[in-house]
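Fair warning: this is a prediction, and the values are worked out from it, not measured in the lab. Start at 1 with the first residue, then count along the sequence. Note that ligands are numbered from 1 as they come in the structure, with each ligand's atoms numbered from 1 the same way.
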Amino acid sequence: MLKATAAASIFLALLFFFLPYSARTGLSCPTPRVDLGRDQHQQHSNTDHDRNNGKNVIPNQVHFVYILPDSSSNNTTTRDFSFEFSHFLSIYAAWHHWRPRTIYLHTNVAANGPEVARARNGTVGKWNHYIFTLFGTSLAINTVPVPTHAANGKPLQNMEHKSDFVRVKAVHDMGGVYIDWDVHALRDIRPLRESGFRAIGGRQLGGQINSGTFMAQPRAKMVRLWMEQMHEAYNGGWTTHSNEVITRVGQRLGREPGEMLILEREAFAPGSWRDEDTDDLFRVHDDTPSNLPGNYTEGMALPAHDEDFETRWAHPERFRDWERDWSHTYMLHAFTPTRWKHEVDGFEHITPRYVLARQSNFARAVYPVAKILYDKGLIRVGDSHTGF
Ligand SMILES: *[C@@H]1O[C@H](CO)[C@@H](O)[C@H](O)[C@H]1NC(C)=O
Ligand SMILES: *[C@@H]1O[C@H](CO)[C@@H](O)[C@H](O)[C@H]1NC(C)=O
Ligand SMILES: *[C@@H]1O[C@H](CO)[C@@H](O)[C@H](O)[C@H]1NC(C)=O
Ligand SMILES: *[C@@H]1O[C@H](CO)[C@@H](O)[C@H](O)[C@H]1NC(C)=O
């Protein structure tokens with residue numbers, strides 16, 4: 001009996017070993033993950049605990065926050081999630097590069113409520129449908145009460161500020177990585193999460209630490225102090241309770257071993273909200289040929305544009321003078337130009353066509369992930385930014 005069992009398990013182990021990778025994940029993971037076709041660097045999320053005994057590691061989970069506006073009880077108009085292509089690209093890049101064990105979506109509607117149902121079943125467009133269906137049970141919808149006032153009694157003035165309070169509490173309580181919806185993962189951040197630092201942030205233009213990208217272990221001192229002090233600091237100013245507090249607390253904690261690592265601006269927020277920076281990021285360079293050939297037909301194979309380590313030095317002629325090297329950027333915080341109604345040459349919306357054409361710095365940064373989506377048939381060049 002024992003021998004038979006042992007033989008059977010050896011057989012199963014061998015079988016498992018020799019199965020193609022996609023079949024293996026199908027066996028070991030009840031909800032197939034969407035892009036497990038890659039050959040390296042996958043499935044590391046569940047090993048955090050084993051390798052590090054659960055200590056000194058920022059957990060591999062990502063937090064997103066999306067607060068829907070309140071609908072009064074006699075307002076029959078429906079409120080809905082309104083994610084666009086760029087938001088889908090953001091969440092998918094985090095999924096692809098980081099392999100998080102859970103993606104938390106902190107929101108003010110119920111997971112089984114009509115808003116989520118409409119997003120899921122495609123009523124509010126393709127991108128909402130993907131965000132709510134593609135990640136299977138790895139997407140956890142966490143319904144949170146939305147704060148209305150800071151502890152100092154001041155009413156929170158807008159959605160962004162409410163989100164600020166929700167995000168800090170989420171990372172404080174659970175640990176993990178927080179990113180805004182306009183942040184695009186360009187590579188894995190596992191080496192950062194496992195560096196031993198209990199909290200990590202990055203500078204932005206002007207030197208403050210940006211509150212749109214940060215990560216921490218649960219109850220790390222940095223997020224605890226930030227969570228406490230933001231309630232006192234809140235005065236309705238755009239970043240008084242956010243960037244200003246994380247900067248003050250984060251810098252002060254440099255003196256306490258392992259509490260806070262502050263990365264340079266290029267790491268998370270190489271651009272900025274200034275016109276020249278949004279131009280630099282989003283401008284369409286018509287003098288550079290589109291990656292989509294003139295005889296393009298939907299579904300046609302597109303080139304990969306992989307870049308070797310040496311290429312920039314060995315073949316400088318292959319690069320445009322406007323083209324940035326994103327090698328030292330882990331996440332690209334792509335501050336939108338539209339918030340201040342600034343118009344960027346040739347740019348209207350982040351659409352599949354805009355990204356796949358590869359005629360801007362933004363497009364070139366996110367192209368590898370967009371190409372994966374394109375190759376899977378999930379995006380089409382003709383898709384709109386709204387998904388309708
Ligand atoms: C219903 O709407 C009206 C006007 O839009 C408003 O005055 C009233 O307070 C609302 N009632 C409730 C119960 O929300
Ligand atoms: C009803 O709710 C919708 C969605 O939140 C909002 O756009 C609209 O202005 C509201 N209408 C009234 C009369 O409050
Ligand atoms: C989508 O879900 C909503 C809310 O449950 C429902 O009212 C609607 O009929 C559904 N639409 C489709 C196409 O299934
Ligand atoms: C598209 O045009 C290129 C030359 O510009 C040509 O090499 C290629 O075969 C054409 N593809 C199709 C599908 O017509």
Side-chain angles (χ1 to χ4, degrees), residues 31-32 34 64-88 91-92 103-146 159 181 284-307 315 317-320 323 346 351-360 363-364 367-368 370-388:
T31 33
V34 281
F64 287 89
V65 176
Y66 192 92
I67 310 290
L68 278 76
D70 285 333
S71 54
S72 62
S73 53
N74 66 358
N75 182 344
T76 52
T77 318
T78 54
R79 56 176 183 168
D80 272 308
F81 287 98
S82 52
F83 290 118
E84 299 186 354
F85 174 60
S86 62
H87 307 125
F88 171 57
I91 196 171
Y92 195 90
I103 300 174
Y104 286 98
L105 174 56
H106 305 278
T107 183
N108 54 339
V109 300
N112 59 3
E115 299 86 357
V116 171
R118 281 193 299 271
R120 238 182 220 137
N121 72 16
T123 308
V124 287
K126 181 171 181 171
W127 313 125
N128 290 284
H129 171 65
Y130 282 166
I131 288 174
F132 284 91
T133 55
L134 220 45
F135 309 110
T137 52
S138 296
L139 178 77
I141 297 166
N142 184 34
T143 309
V144 292
V146 180
M159 290 303 163
W181 288 97
V284 172
H285 297 269
D286 278 329
D287 52 338
T288 303
S290 168
N291 184 53
L292 301 168
N295 58 5
Y296 175 81
T297 53
E298 195 71 69
M300 179 188 264
L302 293 175
H305 299 287
D306 290 335
E307 203 180 301
H315 295 284
E317 76 284 357
R318 292 185 194 165
F319 299 89
R320 306 285 160 163
E323 198 175 341
T351 60
R353 178 183 296 279
Y354 169 79
V355 171
L356 295 172
R358 292 186 84 253
Q359 287 172 301
S360 71
R364 291 190 176 203
Y367 179 78
K371 182 171 184 297
I372 290 167
L373 294 167
Y374 177 83
D375 290 345
K376 287 174 179 296
L378 291 170
I379 67 174
R380 298 163 59 89
V381 167
D383 288 335
S384 74
H385 67 289
T386 60
F388 285 104

Next on the checklist: Please check this pair: side chain of His285 against backbone of Ser360, looking for a donor-acceptor N/O pair closer than 3.5 Å.
Outcome noted: no

Checklist entry - Would a 4.0 Å cut-off, counted as strictly less than, catch a protein heavy atom around atom 2 (O) of ligand 4? => result yes

Checklist entry - Could you go step by step and tell me if Leu134 and Leu378 meet the side chain to side chain contact (heavy atoms under 4.5 Å, CB included) rule? => result CA-CA 10 Å; Leu134 220 45; Leu378 291 170; 4.0 Å; yes

Checklist entry - Between Arg118 (side chain) and Phe81 (backbone), is there a donor-acceptor pair under 3.5 Å? => result no

Checklist entry - Nearest protein heavy atom to atom 14 (O) of ligand 4, by residue and atom, and its distance? => result Asn295 ND2, 3.2 Å

Checklist entry - Would a search of protein heavy atoms around atom 7 (O) of ligand 3 find one under 4.0 Å away? => result no

Next on the checklist: Using only atom types and a distance under 3.5 Å, with no angle test, would you say the side chain of Asp375 pairs donor to acceptor with the backbone of Ile372?
Outcome noted: no

Checklist entry - Can you tell me how far NZ of Lys126 sits from CD1 of Ile379, rounded to the nearest 0.5 angstrom? => result 8.0 Å

Next on the checklist: Could you identify the single nearest non-hydrogen protein atom to atom 13 (C) of ligand 4 and state the distance to 0.1 Å?
Outcome noted: Met300 CE, 4.0 Å

Checklist entry - Looking only at protein heavy atoms, which one is nearest to atom 5 (O) of ligand 3, and how far off is it? => result Ala117 CB, 3.6 Å

Checklist entry - What atoms in ligand 3 come closer than 4.0 Å to a heavy atom of Thr123? => result 1 (C), 11 (N)

Item to check | atom 9 (O) of ligand 3: nearest protein contact (heavy atom, Å) | outcome: Asn121 ND2, 4.8 Å

Next on the checklist: Let's go through Phe64 and Trp181 carefully: what are the C-alpha distance in whole Å and the side-chain angles of both, what is the deciding distance for side chain to side chain contact (heavy atoms under 4.5 Å, CB included) to 0.1 Å, and is it a yes or a no?
Outcome noted: CA-CA 7 Å; Phe64 287 89; Trp181 288 97; 3.5 Å; yes

